[in-house]
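Here the structure is laid out as structure tokens; the discussion comes afterwards.
Throughout, numbering of the chain's residues begins at 1 and tracks the sequence.
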Amino acid sequence: MAVLLGVDTGGTYTDAVLIRDEVEVIASAKALTTRQDLAIGVGKAVSAVLAQSGVAATEIAMASLSTTLATNALVEGQGGRVALIYVGFPARDLEAHGLSDALRGDPFLLLAGGHDHAGAEAAALDETALIAFLETHKHEVSGFAVASQFATRNPAHELRVVELVAQRAGRPVSASHTLSAKLNGPKRALTALLNARLIGMIDQLIGRTEDQLRALGINAPMMVVRGDGALMSSAQARQRPIETILSGPAASLVGARWLTGAETAMVSDIGGTTTDVALLRDGRPAIDPAGAQVGPYRTMVEAVAMRTHGLGGDSEVHFIAEGLTAGVTLGPKRLLPVSLIAVDAPEVVHTALDAQLRRNVPGQHDGRFVRGVPGQATEGLAGRELALLDRISDTVRPLGNVLRNRMEQGALARLVARGLVQVAGVTPSDASHVTGQLSAWDRGAARKALELFGRKRGGSGLRFCPEPEALAQIIVDRLTYQTTLALLETAFAEEDADFNLSPEALARHVLLHRGLAGHRGVLRIDAGLNLPIVGLGASALTYYPAVGEALGTQMILPEHAAVANAIGAVVGRVITRESGSVTSPGEGKFRVHLAQGPQDFPDAESALAHLEIVLTNAARARAKSAGAVEIECQVTRDIRTAGVEGREVFVEAELTVEASGRPRVAVG
């Protein structure tokens, strides 16, 4: 009887669950996520679930981790400072394909080299320029990313760059051809860049988590959930952290299916930082054919077709002062709730809030606090940023006591983006403490922070909302509204009918919202979601009944909904996919594009057969190294031909081999 441990690290809570033989939840527990060291929260959650269940640590046969760390890092613009080596591409690509925005000022090199569509060298690799770039920047960055033109046709130049980076810089390097076998060099470059940026964060999380589990006596193999819901080994996750984007949301879909048995439903998972929405069709989450998109980034990572919104229980509450009637909006950035940071530093927080309430004139930073996150890398920081970080230290301080001028606000934003500093302010979690829907943290601090927020003045000159309880309800109602928009956008995106507007515009259309409200006049307008919603997340019970009512549909809130991600982490399978291509560069020549370089065959079938063998062996080996047993392989061929003078002529073929198996468990 195997006991499996599932762990999910969310933006606010870390969940742990024990499942026996994939059929029964034995126990579940939560601990606050410790952003300065996520593994501390993991250790607390696992210790709690072991104590609650009475299960001995030695009985754990497998541990599996799902995490929103990579997803949240991309949504919030966090990650290490890295360098991009862009081989054989024009400079205009950087702006045209969003690479400049993704670099965020990090160094890059446009390098001569690359190959053509057939895999032949288009230009020699400029190793002299590369070595000079590495010597200049090797101490400024935590890693490198390389993308070479047509590297999926011939990766020779990417492999040489990887070799030189290892020799000259000794830093991790992400090569685009190892992350995707598809064409589209700029998108592969973006994927490699983001992968490099995440390596340090994921490596630290996995290493520290494994240390925590061993300290508790758990020596079972550890798996990590990929963005498509499948499992991979912790070693693979360290090398390819980009594949863990949407890990938590994917695990929630697997968990939703396991908990409810739903065949067709919309699944909405609310966390501290994001709300993730997707569809279950025929009991399976669909894979996004265009690659996973998180925040502004469209990657080439295979992941569930998920729409991720910067909306959660800990979303920043913004004041809207335009017009005579002021209001609020939420996200996409996450703040520490004031009610939570007050638990860590009650005297500092309450003393500052009381002093701010005594002042007649509201301050710009009233109700906001800041603290440093110890143990984080600081390479690449400017002098102003280092000075501000030193002033903040790792203690809780009122934000107004730290910032000395407007120029330091930009420095603070960069420190937050790097994960070096946390800012606390008013969030929906604080509002829910004031309404009485939550009681986990410091309600008094939350009420004072909302009173300060309500002093802000709109265009009329009047205070926005003097009563904290009324303001709290306004914030909660806003969360309900923005959640309904997120669900409606997903619904319109999945509709077969073409409404001639974007899903975002349709979700906000006045006629739709009149229909949701049951408009009755000369016209009768009715609207609603035509699928049930499975609501997941720690705060789903708090917020989602109102969402189901607003959308006129059934809201399913299953038992263990609060730990669905952790459940999904242990009930999935190991799945690996390897893809490759065959082209025909000339009459009677069929070229297989392999990692070691192109190889030609005299006919299409022998080329396809050889590629199938290579891909099958690679997929099986990856699945085995990912911890799979009882591996099965399935081959998909996509052969494209063209009619020429009355005959079918081979143009190109794409082969994909999927290897799947059960995760290996320890034998007691």
Side-chain angles (χ1 to χ4, degrees), residues 228-229 246 249-271 274-290 292-293 303-309 311-312 476-537 539-559 561 564 568:
D228 60 358
L246 299 180
S252 75
L253 281 175
V254 176
R257 165 69 174 164
W258 191 86
L259 286 168
T260 66
E263 290 290 323
T264 303
M266 190 171 286
V267 179
S268 186
D269 184 4
I270 182 170
T274 60
T275 290
D276 306 305
V277 186
L279 282 183
L280 279 174
R281 291 188 185 274
D282 300 321
R284 293 172 60 90
I287 302 299
D288 191 336
Q293 178 157 356
V304 294
M306 179 81 67
R307 295 177 78 91
T308 298
H309 304 263
L311 176 68
V476 171
D477 289 346
R478 182 68 193 186
L479 179 61
T480 299
Y481 173 71
Q482 289 187 219
T483 303
T484 62
L485 291 181
L487 289 160
L488 289 168
E489 285 179 21
T490 301
F492 279 116
E494 296 293 336
E495 278 284 355
D496 294 330
D498 183 2
F499 296 100
N500 295 320
L501 286 173
S502 69
E504 292 77 13
L506 289 165
R508 290 161 174 79
H509 201 286
V510 62
L511 290 179
L512 174 65
H513 287 273
R514 293 292 174 86
L516 290 170
H519 174 81
R520 294 296 183 268
V522 177
L523 287 175
R524 183 182 73 247
I525 307 176
D526 292 304
L529 203 61
N530 199 32
L531 292 175
I533 304 169
V534 179
L536 304 176
S539 58
L541 282 171
T542 301
Y543 301 122
Y544 277 8
V547 173
E549 184 178 347
L551 291 171
T553 192
Q554 179 189 10
M555 176 64 71
I556 302 170
L557 299 169
E559 186 182 8

Measure across [X] and [Y] and return the closest heavy-atom pair with its distance rounded to 0.1 Å.
X    : Y    : result
A527 : L512 : CB-CD1, 3.8 Å
A305 : A278 : O-CB, 3.5 Å
A250 : G229 : CB-N, 3.4 Å
L557 : P545 : CD1-CG, 4.1 Å
S268 : Y544 : OG-OH, 2.9 Å
H513 : A507 : NE2-O, 2.7 Å

V267 and side-chain contact (heavy atoms from CB on, under 4.5 Å): which single residue from V304, D276, L280 fits?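 The option that passes is L280.
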Quick one: are T275 and D269 in side-chain contact, heavy atoms under 4.5 Å?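 No; the side chains remain at least 4.5 Å from each other.
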Report yes if some heavy atom in the side chain of T274 is under 4.5 Å from a heavy atom in the side chain of H309; otherwise report no.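 The answer is no; the side chains never approach within 4.5 Å.
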So, using side-chain contact (heavy atoms from CB on, under 4.5 Å) as the criterion, who are the partners of [X] when residues are at least two apart?
X    : result
P532 : A265, Q554, I556
T553 : L529, I533, L551
S502 : E504, A505

Hey, could you give me the [atom1]/[atom2] distance between [X] and [Y], rounded to the nearest 0.5 Å?
X    : Y    : atom1 : atom2 : answer
L487 : L531 : CG    : CG    : 10.5 Å
I270 : T542 : CD1   : OG1   : 9.0 Å
L536 : L259 : CG    : CG    : 7.5 Å
R508 : T484 : CZ    : OG1   : 9.0 Å
M266 : L279 : CE    : CG    : 4.5 Å
S539 : L479 : OG    : CG    : 7.5 Å

Do the side-chain N and O atoms of Y543 and T483 include a donor-acceptor pair separated by under 3.5 angstrom? no
Tell me if a side-chain donor or acceptor on [X] pairs with a main-chain N or O of [Y] at a distance below 3.5 Å.
X    : Y    : answer
T264 : R281 : no
D498 : N500 : yes
H509 : L511 : yes

Greater than 12 external heavy atoms within 6.0 Å of E263's CD: yes
Pair L488, T490 - check side chain to side chain contact (heavy atoms under 4.5 Å, CB included), show working. CA-CA 5 Å; L488 289 168; T490 301; over 6 Å; no
Exactly one of R514, R520, H519 clears side chain to side chain donor-acceptor pair (under 3.5 Å) with D526, and that residue is R520
